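Protein chains get the first letters and strands the later ones, always in sequence-line order, with residue 1 at the start of each. This is a predicted model, so every value here is computed, not measured.
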Amino acid sequence: MHITLPYKSIEGHEYLIKLESLDKTIFPSDLDIEVVGVILEVVNDLKIPNSRTTLNALSRIIINFLNENDNIVLYYLCDKDCDIISRMHPRREGVTPQEYRNMIFSKMFECAFRNSNENQYIDKPIEINSEDEIYYIHLICRNHHCKYLDSIEETITILANQMK
Amino acid sequence: MNTTTQKPLVIEKPSQKLLDFVRGLEKKKEETKKELRSKRDLYFSEK
C-alpha cells in the first residue's frame, strides 16, 4: 500500500501525508493485518506554527484512512529533525524534537476525538531508550484490533531482548 | 474521550537487532520525506 494525500492548512502549510505498508517479515506469519507507516511532511517553506485546527485536521485525515481500511494498524515514528516551529517554546526547554513530536502526536489524537461520537481508538506509545538517543513510536488502531497491537508489542519485546 | 492512550511500552537497553530495525525505519522515513518534498508540485499548484 502506497498512498499520498495532500492537505493545505488555513495558515498555508502544504502537507503531504504518505501512508506506506511496512515489510512484515519481522512479525509472526499469522499477523493478518497491514502495518502502515504514517509520514507527515511540510513541502513548502512556510515558517509559522501550526494551529490546533491544522493538527486536528491532520489527525482527522489519518483516522479517516484508518476507518476506510479495515485491516490496518498505523505506526508513526517521531523524527529528530529540528525544524519544529512551536507556539510553546518555553515549555520545550530540555525537550528533544522527537520527544516534543511524541507529546504532540498523543495530544493530536486525544483532542481530535474528545466529545465526538467516533468509534474507539487506541494509541499505544513505544519508547526505545538506547545509549545514544530515545526513539518514540506510536501504534494507532481501532479498539477491536487490540489483539494485533498485543502481537506487535510482543514481537518488539522479543526483538528487544534478542542477542545479536 | 474516545481515543485511549495506553501506558507506553518502555524498552531500556534494546538489542542491536531492535536498534537496527528502528534505524532502518528512520532511514526509510528520511528517504520518503525527501521524495515527498521533490513531488510538491504534483500536488500543489503555484498561485
Counting only heavy atoms closer than 4.5 Å, note whether B:K29 contacts chain A via side chain, backbone, both or neither. both

Closest heavy-atom pair, A:C141 versus A:I72, reported as atoms and distance to 0.1 Å, is CB-O, 4.4 Å

Proximal component of B:L19, with respect to chain A [non-hydrogen, under 4.5 Å]: side chain

Just so I understand: if I count every heavy-atom pair under 4.5 Å between each of A:I26, A:L149, A:V43 and chain B, which residue has the most? A:V43

Taking B:S15 for the side chain and A:L159 for the main chain, is one N or O donor matched with an acceptor at less than 3.5 Å? yes

Per-residue contact mode, A:Y75 against chain B (heavy atom under 4.5 angstrom): side chain

I'd like to verify something: which residue of A:L40, A:V42, A:L22, A:L77 has the highest number of heavy-atom pairs under 4.5 Å with chain B? A:L77

Does A:E41 pair with B:K34 as a salt bridge, N-O distance under 4.0 Å? no

Test item: A:N44 side-chain N/O and A:E14 main-chain N/O as donor-acceptor pair under 3.5 Å: yes

Under 4.5 Å to a heavy atom of chain B? For A:L139 that would be neither

A:K18 side chain vs A:G37 backbone, donor-acceptor pair below 3.5 Å: no

Region of A:D132 that comes under 4.5 Å of a non-hydrogen atom in chain B: side chain

Please flag which part of A:L5 lies under 4.5 Å from any non-hydrogen atom of chain B: side chain, backbone, both or neither. neither

Check: A:Y76 ring centroid to A:H138 ring centroid under 6.0 Å: no

